[in-house]
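When a residue number appears, it is its place in the shown sequence, counting from 1.
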Amino acid sequence: RTTSSGTARTTSCGHPGAAAPGASALGPTGPAGSDAVPPVVVTDLSVVLGSAVILSGIDLTVTSGESVALLGANGSGKSTLVRTLLGLNPVAGGSVRLFGTDVRQRSRVPWDRVGYVPQRVGAAAGVPATALEVVRSGLLGPRRPWADRGRRARARAGEALEAVGLAHRAHDHVQVLSGGQAQRVLIARALVRRPELLLLDEPLAGIDRESRQGLAGILTALSASGLTLVTVLHEMGELAPVVHRAVVLAEGRLVADRPAADLAPTQYDPADPVGHDPALGCEHEHVHGSTAPVVHHAPRLLDHDTWRDRP
């Protein structure tokens, strides 16, 4: 098992793509001294779903202001880890703390300090809604059933849309937006509560290069404002300049945790849209091209009576 620790934040280099006007205004607004407690501390985490061990022995600390990428092949446990950070998957062993509070104590976690951007599926699903309405829904909570109503909620939603460059599409239905625009609406929905920690699950999936570059510009501005980012990625691609640390998972285990510069090209190359680094074998685990078959690994099963691996 690889034990990770926070690393000093470095300044990310510039990136082609649209800047994010007003993004700095949506930076962290937590209490003074809040960065004394790391936003994320995962200790010896194990997650079991059904009879399958999905995550095992995960140690991860993300310090305030860091931008961390969770990398790995499909099925490596990246999204499961993010869902566990959000308290959506049960913790079988170890612990997960957000801002010092165990996520198993859901009512005590400061969720207002946490923003979540899911995969784009569902952004335009369900009842037709405008971009402004979707973003306002980010203000809702168990104890705030009417928080999306009123002038203040509209103003905050408009500010969030401005930060992602979509203020002019506020009253358009999300069904008519492009994939990249829909993804920006989801980011605005997470930003509307002005979080200190932003979790993103595959934000580049299914969108074109121009949209990916635009999202990279937005995330660069948010990172520069001091927002802590944890991003699930299959490839760093356009986000390589935004990422400070790269954490690699394989088969539910953390197998590498190092500065992103060790895994990504020094400068993003538009001719290499996925951000491979030939000198280091690139940042992910799968074999390129069709010359090698994809190897699928069966999940390890547990005997729930003994909690030992079955032979």
Side-chain angles (χ1 to χ4, degrees), residues 9-27 66-71 78 115-121 123-124 131 134-135 159-170 172 174 176-191 198-246 259-261 263-278 282-284 288:
R9 184 181 177 194
T10 58
T11 303
S12 48
C13 61
H15 189 283
S24 59
L26 291 173
E66 274 195 297
S67 176
V68 176
L70 301 179
L71 301 168
K78 307 183 300 294
Y116 173 51
V117 181
Q119 293 189 29
R120 189 165 52 88
V121 175
V134 169
V135 174
E159 181 182 354
L161 283 170
E162 176 68 28
V164 299
L166 284 179
H168 64 293
R169 304 299 299 271
D172 291 344
V174 290
V176 305
L177 300 180
S178 69
Q181 290 170 334
Q183 187 67 284
R184 283 192 276 164
V185 169
L186 291 180
I187 293 175
R189 183 178 67 178
L191 293 178
L198 185 62
L199 307 172
L200 304 100
D201 194 355
E202 296 279 9
L204 301 184
I207 60 176
D208 59 38
R209 180 181 296 183
E210 183 179 356
S211 295
R212 294 196 303 265
Q213 292 175 343
L215 284 177
I218 291 166
L219 295 179
T220 296
L222 292 172
S223 179
S225 75
L227 187 64
T228 304
L229 302 176
V230 177
T231 310
V232 171
L233 295 169
H234 187 64
E235 312 279 2
M236 283 199 287
E238 287 84 354
L239 293 188
V242 186
V243 177
H244 307 146
R245 259 172 76 202
L263 292 174
T266 304
Q267 185 172 6
Y268 172 69
D269 180 2
D272 180 17
V274 296
H276 297 122
D277 188 352
C282 108
E283 77 273 10
H284 55 279
H288 295 99

When rounded to the nearest 0.5 angstrom, what distance separates CG in Leu239 from OG in Ser67?
-> 8.0 Å
Rounded distance [0.5 Å steps], CG in Leu229 versus NE2 in His244 = 8.0 Å
Could you list the residues that satisfy side chain to side chain contact (heavy atoms under 4.5 Å, CB included) with Ala170, not counting sequence neighbours?
-> Leu132, Leu161
Looking only at non-hydrogen atoms, find the nearest pair between Gly180 and Ile207 and report the distance.
-> N-CG2, 3.6 Å
Criterion side chain to side chain contact (heavy atoms under 4.5 Å, CB included) against Leu191, the qualifying member of Val117, Leu227, Leu186 = Leu227
Does some side-chain heavy atom of Pro203 sit less than 4.5 Å from a side-chain heavy atom of Leu233?
-> yes
Evaluate the side-chain proximity of Leu219 to Leu200: yes if any heavy-atom separation is below 4.5 Å, no if none is.
-> yes
Heavy atoms only: give me the nearest Tyr116-Leu198 pair and the separation to one decimal.
-> N-CD1, 4.2 Å
Between CZ on residue Arg212 and CD on residue Glu210, distance to nearest 0.5 Å = 11.0 Å
Looking at side-chain heavy atoms only, is the closest gap between Leu215 and Glu238 below 4.5 Å?
-> no
Point-to-point distance, once rounded to the nearest 0.5 Å, from CD of Glu202 to CG of Leu70 = 10.0 Å
Got Leu166 and Val135 here, is their nearest side-chain heavy-atom distance under 4.5 Å?
-> no
For Ala188 and Val164, the nearest pair of non-hydrogen atoms, with its separation, is CB-CG2, 3.9 Å
Note, His234 side chain near Leu204 side chain (heavy atom, < 4.5 Å) = no
Counterpart residues, salt bridge (Lys or Arg N to Asp or Glu O under 4.0 Å), relative to Asp172 (two or more places apart) | Arg169
